[in-house]
Asks: 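The structure follows.
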Number of protein chains: 2
Amino acid sequence: MLTDREKEILGLITRLTEERGFPPTLREIGEAAGISSTNGVRYFLDRLEAKGRIRRGDGLSRAIELIDGPARPSATIRLPEPVAVPLIGRVAAGYPVLSDENIEEHIMVDPSLATPGRTFALRVRGESMKDAGILEGDMVVVREQKEARSGEIVVAIVNGEATVKTYRVKRNGSVILEPANPDFEPIEISEEAPLEIRGKVIAVLRKVG
Amino acid sequence: MLTDREKEILGLITRLTEERGFPPTLREIGEAAGISSTNGVRYFLDRLEAKGRIRRGDGLSRAIELIDGPARPSATIRLPEPVAVPLIGRVAAGYPVLSDENIEEHIMVDPSLATPGRTFALRVRGESMKDAGILEGDMVVVREQKEARSGEIVVAIVNGEATVKTYRVKRNGSVILEPANPDFEPIEISEEAPLEIRGKVIAVLRKVG
DNA sequence: TTGCCTACTGCACGCCTGTGCAGTAGGCTT
DNA sequence: AAGCCTACTGCACAGGCGTGCAGTAGGCAA
């Protein structure tokens with residue numbers, strides 16, 4: 001239906017509109033597409049309008065209305081494919097983390113921060129990892145795994161309670177969960193307080209303000 | 001927060017934008033609101049921008065972006081629609097942040113963390129905001145704006161250099177950019193070192209490990 | 001009554017922006 | 001070789017459109 005170049009131009013218009021909140025002018029499209037003449041751009045707008053992908057206001061500036069096509073027209077600009085990560089309510093002992101009843105909603109995460117698959121997100125409670133830049137209310141993206149290497153930040157269950165801490169194996173072989181805040185004490189793992197690693201923190205997301 | 005008339009004007013702009021797919025001009029708003037002078041309209045736009053309900057492009061026609069944008073007719077499925085945010089390379093003085101050559105790539109962000117529109121992301125250099133949970137290498141999502149309220153974390157240019165700091169207006173009216181790390185000194189704003197605010201940090205993203 | 005805030009009018013200026021018209025060049029088909 | 005489609009360049013032009021500056025009028029608080 002659309003030629004490659006037409007798709008490209010339509011994608012550009014969509015991107016510019018989304019980024020700025022209002023549609024671009026002919027010259028702005030031209031600059032983005034590498035077309036120096038406003039009429040080169042107009043040629044494409046006429047075409048896109050004839051093909052029903054946009055509507056235009058006569059003589060008005062920026063009067064480009066996008067008519068949503070069946071698919072996202074942005075296929076030509078390489079937008080990364082986001083990953084849907086389930087946001088879970090609680091990490092409880094015994095229960096599998098990724099069970100359906102446990103999933104409240106999904107958040108979309110850039111693929112550079114999370115891989116699809118056995119990944120979940122949860123909201124951090126408490127200030128115990130403050131000095132690692134993980135604050136109360138932050139969301140952490142966690143890759144589900146049962147083991148970890150020393151120094152990695154993990155989600156684990158000790159004493160029936162879920163917690164986010166740095167996993168550390170000491171020289172003498174003893175294991176501790178280390179907070180990143182001098183106000184908190186490390187948790188020593190013993191036979192009375194066994195460790196259940198649920199996953200490893202791979203990203204932190206925070207809404208500011 | 002808004003006066004009755006301000007609400008009315010904002011509602012008008014929202015309605016016009018939704019009806020036509022692109023924002024109105026000053027004169028179109030005036031006609032709809034019964035204001036004969038473009039400056040009557042401009043008065044309200046200045047107010048709405050100062051109150052953070054819209055953002056405007058300098059000197060550009062129809063460059064009105066609604067902050068709590070018009071409800072886009074998105075087929076709301078169970079997954080949230082991610083927002084594409086351009087990741088920019090450098091924030092230089094005098095240069096518009098959101099120019100095409102400046103955009104390296106896009107990252108996808110959950111809509112709860114960023115609204116579509118004039119938003120960009122950049123990578124943080126330095127440890128000066130460590131205690132605010134913003135570490136070296138983190139990506140911050142920034143809403144482009146030229147002013148800020150005291151206490152907000154901003155991206156600004158002082159002495160030709162881009163920086164992320166807390167914007168603070170003191171009792172005596174003097175302005176400082178405050179780091180969140182005792183190893184760094186606050187930057188005092190003076191006539192020799194003027195302040196150029198580029199935007200406000202609205203989210204922090206970090207890849208761990 | 002002085003001042004400040006809200007809510008405008010009126011007008012000139014000048015860049016921004018879409019339009020009209022003329023033309024070019026490569027690729028493909030006939 | 002002619003013709004048509006895609007994909008543009010270049011330039012002049014008129015009016016759209018935001019901006020600057022000057023001014024007005026009512027309400028309300030000190």
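Side chains included, hydrogens not; waters and symmetry mates left out as well; all remaining heavy atoms used. Quick note on labels: first sequence line is chain A, next is B, and so on, each numbered from 1.
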Asks: Sequence neighbours left out, what passes side chain to side chain donor-acceptor pair (under 3.5 Å) with Arg42(B)? Give chain and number order.
Replies: Asn39(B)

Asks: So, does Glu49(B) use its side chain to make a donor-acceptor pair with the main chain of Asp46(B) at under 3.5 Å?
Replies: no

Asks: Under a 4.5 Å cut-off applied to non-hydrogen side-chain atoms, are Thr17(A) and Pro24(A) in contact?
Replies: yes

Asks: Are there any protein N/O atoms within less than 3.5 Å of an N/O atom in nucleotides 14-17 of chain D, and if so, which ones and at what distance?
Replies:
unit_1: dC17(D); atom_1: OP1; unit_2: Arg62(B); atom_2: NH2; d: 2.9

Asks: List the atom pairs, donor and acceptor, that lie under 3.5 Å between side-chain atoms in residues 200-209 of chain A and the rest of the protein, sequence neighbours left out.
Replies:
unit_1: Lys200(A); atom_1: NZ; unit_2: Glu152(A); atom_2: OE2; d: 3.3
unit_1: Arg206(A); atom_1: NE; unit_2: Asp138(A); atom_2: OD1; d: 2.9
unit_1: Arg206(A); atom_1: NE; unit_2: Asp138(A); atom_2: OD2; d: 3.1
unit_1: Arg206(A); atom_1: NH1; unit_2: Ala132(B); atom_2: O; d: 3.2
unit_1: Arg206(A); atom_1: NH1; unit_2: Gly133(B); atom_2: O; d: 2.9
unit_1: Arg206(A); atom_1: NH2; unit_2: Gly133(A); atom_2: O; d: 2.9
unit_1: Arg206(A); atom_1: NH2; unit_2: Asp138(A); atom_2: OD2; d: 3.0
unit_1: Arg206(A); atom_1: NH2; unit_2: Gly133(B); atom_2: O; d: 2.9
unit_1: Lys207(A); atom_1: NZ; unit_2: Ser112(B); atom_2: O; d: 2.8

Asks: Between C1' on dG23(C) and CZ on Arg42(A), what's the gap in Å once rounded to a whole number?
Replies: 15 Å

Asks: Could you tell me whether the side chain of Leu87(B) reaches within less than 4.5 Å of the side chain of Met139(B), counting heavy atoms only?
Replies: yes

Asks: What bend angle does the helix from dT1(C)-dA30(D) to dT30(C)-dA1(D) show across its length, from five-pair end axes and to the nearest 10 degrees?
Replies: 20°

Asks: Could you state the NZ-C1' distance from Lys7(B) to dT6(C), rounded to the nearest angstrom?
Replies: 15 Å

Asks: Rounded to the nearest 0.5 Å, what separates atom CD1 in Ile29(B) from atom CG in Leu12(B)?
Replies: 8.0 Å

Asks: Working to the nearest 0.5 angstrom, can you tell me the gap between Ile157(A) CD1 and Leu177(A) CG?
Replies: 11.5 Å

Asks: Could you go through nucleotides 7-9 of chain D and list every protein N or O atom that sits under 3.5 Å from one of its N or O atoms, giving the distance for each pair?
Replies:
unit_1: dA7(D); atom_1: OP2; unit_2: Thr3(A); atom_2: OG1; d: 3.2
unit_1: dC8(D); atom_1: OP2; unit_2: Arg5(A); atom_2: NE; d: 2.4
unit_1: dC8(D); atom_1: OP2; unit_2: Arg5(A); atom_2: NH2; d: 3.4
unit_1: dT9(D); atom_1: OP1; unit_2: Ser36(A); atom_2: N; d: 3.1
unit_1: dT9(D); atom_1: OP1; unit_2: Ser36(A); atom_2: OG; d: 3.1
unit_1: dT9(D); atom_1: OP2; unit_2: Ser36(A); atom_2: N; d: 3.1
unit_1: dT9(D); atom_1: OP2; unit_2: Ser37(A); atom_2: N; d: 3.0

Asks: Would you state whether a donor and an acceptor, one from the side chain of Arg56(B) and one from the base of dG18(D), lie under 3.5 Å apart?
Replies: no

Asks: How would you list, by chain and number, every residue that makes a side chain to side chain donor-acceptor pair (under 3.5 Å) with Arg47(B), sequence neighbours excluded?
Replies: Glu6(B), Tyr43(B)

Asks: Run the salt-bridge test on Lys130(B) and Glu127(B) with the 4.0 Å N-O cut-off and return the result as yes or no.
Replies: no

Asks: Please state how far atom CG in Asp46(B) lies from atom C1' in dG20(D), giving the value in whole angstrom units.
Replies: 12 Å

Asks: Could you tell me if the side chain of Glu178(A) sits less than 4.5 Å from the side chain of Ile187(A), heavy atoms only?
Replies: no

